[in-house]
Protein chains: 2
Amino acid sequence: MEFPNTGDFLAGRLRDKLGHDDQAYIESLISETREAESGEVLVSRGTIANSSTILISGYVFRTIESGNRRFIVGIHVPGDFIDLHAFALKRLDHNIVASGPVTLGIAPHQRLRTALEEKPRIARALWFATLLDAAIHRKWIQMLEQLDAPRRIAHIYCELHRRLELIGQANNRSLRTPFTQIDLADMCGVSAIHANRAVGKLRELELAEIRRGDLYTSNWDALREYAQFDGAYLYSDGPLRFDQDWL
Amino acid sequence: MEFPNTGDFLAGRLRDKLGHDDQAYIESLISETREAESGEVLVSRGTIANSSTILISGYVFRTIESGNRRFIVGIHVPGDFIDLHAFALKRLDHNIVASGPVTLGIAPHQRLRTALEEKPRIARALWFATLLDAAIHRKWIQMLEQLDAPRRIAHIYCELHRRLELIGQANNRSLRTPFTQIDLADMCGVSAIHANRAVGKLRELELAEIRRGDLYTSNWDALREYAQFDGAYLYSDGPLRFDQDWL
DNA sequence: CGGTGAAGCTAACATGCATCAATAGACTGG
DNA sequence: CCAGTCTATTGATGCATGTTAGCTTCACCG
């Protein structure tokens with residue numbers, strides 16, 4: 001199977017968690033790839049799917065619509081399964097939307113089913129991915145409870161930077177995204193105007209310059225300290241610590 | 001195995017998801033029960049465990065300590081596994097603390113391992129529980145992004161009421177908890193003083209009276225509407241919609 | 001019975017954020 | 001090249017919430 005312009009996409013979340021054979025096996029679950037445009041709704045709340053999706057390139061949001069406003073409750077980077085829930089729960093309680101152009105891999109549920117039956121290590125890795133999603137959600141909850149708007153934005157970029165680092169796609173001085181200030185506002189639970197002021201504050205403090213979603217900084221450490229970012233919740237220090245006896 | 005004062009505790013989250021045989025099987029995973037006092041730290045951040053814990057009676061919080069303040073990022077009710085992560089991730093990125101006196105069931109990882117190998121339906125149900133945790137977390141994120149403090153408190157009680165209803169422990173006119181206003185503040189990400197104002201506002205609006213953690217209301221519907229509570233995210237409408245072909 | 005500490009409550013002032021209004025810049029399509 | 005739309009920016013005003021301080025109520029216990 002060919003993945004145009006993406007290289008070794010499954011370097012993603014499961015990197016170091018699986019051997020090369022298993023990674024290749026997961027890639028073989030993908031029956032086809034697909035491009036989608038910015039803003040396209042990839043998975044709608046309530047629909048029932050026969051396949052799950054892995055993000056190969058670009059960013060996607062998990063969004064919840066409520067009272068004619070949209071809220072972003074999660075972000076995914078390449079290598080993430082974005083709708084494993086659809087496999088287990090069938091219907092989803094939120095939408096999944098492309099932020100900027102994306103490339104997706106489609107994994108039919110039938111192939112996933114076979115994989116789970118025949119490769120216990122795959123099942124383990126997918127469960128790990130689910131637990132990691134939950135850990136990231138908990139961090140967002142704490143971030144929303146604790147931080148003001150400028151720090152929330154800084155924290156989101158710090159988290160993304162670390163997650164990109166784990167898949168070998170981080171840059172020392174910048175982090176390019178297609179996010180608008182409205183997107184940032186919907187992530188932080190503030191108004192777009194206030195998101196603008198928060199971006200302005202990061203600029204004023206000379207911690208980061210955010211232009212059209214792209215963040216530029218000369219000092220990630222200072223930015224991380226300002227955002228009180230500690231990446232331990234990403235469980236990225238070395239290989240998966242599953243009990244070796246399990247399966 | 002006897003569970004004093006708890007009755008059919010596993011009516012919990014997996015109710016309707018498993019047959020009676022499987023429920024009995026899960027209960028058999030529990031090697032012993034244990035009581036704990038209010039405030040006791042049941043699982044510490046970073047420790048490595050050889051067993052997982054199921055909550056039999058009482059409430060527990062997931063907490064994250066940061067900058068000499070505590071934040072609550074999740075609540076559990078009887079029937080919930082509270083540290084399945086410990087099984088898959090070994091160490092946890094947060095603490096688990098008793099709110100009020102609790103009864104716990106201890107499930108050694110070795111028995112869990114056997115269960116996952118031999119009973120695919122159990123593995124499926126535990127994965128479902130994990131996905132449900134993530135869905136609840138996403139709802140909290142949206143709640144923090146969208147609602148003001150009085151509505152956040154109302155939403156938390158509405159969610160708990162529904163979750164208790166699912167295990168047959170809900171009451172028509174009240175919801176009794178051991179939560180202090182400080183606890184409510186730590187859930188909502190506001191100061192204790194403001195949590196007090198928020199409680200006062202619910203009283204003033206005649207939506208609910210909250211005294212020492214116990215909520216009394218004559219009109220749950222009005223409270224739910226005020227909090228914009230829609231319980232669809234709890235995936236409780238009928239039996240689990242796993243693909244019947246899977247395993 | 002009265003002391004003690006935790007929890008709940010109130011007031012006054014400071015700051016964060018929402019909202020409205022208006023404008024400027026950037027991209028897009030005709 | 002212009003018009004239209006989406007995005008970014010700024011200022012003014014009011015509400016939501018933080019902070020500090022002090023007070024009250026209640027459960028518990030000596």
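Side chains included, hydrogens not; waters and symmetry mates left out as well; all remaining heavy atoms used. Chain letters run A, B, ... following the sequence lines, proteins first, then strands; residues in each count from 1.
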Exercise. Is the cationic atom of A:Arg151 (NZ for Lys, CZ for Arg) positioned less than 6.0 Å from the six-membered ring centroid of A:Tyr226 and within 45 degrees of its normal?
Worked result: yes

Look at all strands and tell whether [X] reaches a base, only sugar-phosphate, or nothing, counting heavy atoms closer than 4.0 Å.
X        : result
A:Asn196 : base
A:Gly189 : sugar-phosphate
B:Ser191 : base
A:Ala192 : nothing

What nucleotide, of [options], holds the atom closest to the side chain of [X]?
X        : options               : answer
B:Gln181 : C:dC27, C:dG8, C:dG16 : C:dG8
B:Thr180 : C:dG8, D:dA8, C:dC17  : C:dG8
B:Arg212 : C:dA7, C:dC17, D:dT17 : C:dA7

Exercise. Is the distance between the ring centroids of B:Tyr157 and B:Phe229 under 6.0 Å?
Worked result: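 Aromatic pair excluded; centres sit 6.0 Å or further apart.
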
For this session: For the residue pair A:His155 and A:Tyr233, categorise the inter-ring angle as parallel (less than 30°), tilted (30 to 60°) or perpendicular (more than 60°).
Result: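 Parallel, since the angle between the ring planes stays under 30°.
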
Seminar exercise, completed: Here the distance between atom C1' of D:dC6 and atom CG of A:Leu184, to the nearest Å, is 16 Å

Problem set entry | Distance in angstrom units between A:Ile193 CD1 and D:dA12 P, rounded | 15 Å

Problem set entry | Under-3.5 Å donor-acceptor pair between B:Arg197 side chain and D:dG18 base | yes

Problem set entry | salt bridge (charged side-chain N to carboxylate O under 4.0 Å, His left out) between A:Glu159 and A:Arg162, intermediate numbers included | CA-CA 5 Å; A:Glu159 178 187 299; A:Arg162 180 75 182 117; over 6 Å; no

Exercise. Does the side chain of A:Arg203 get closer than 4.0 angstrom to OP1 or OP2 of D:dT9 through an N or O atom?
Worked result: yes

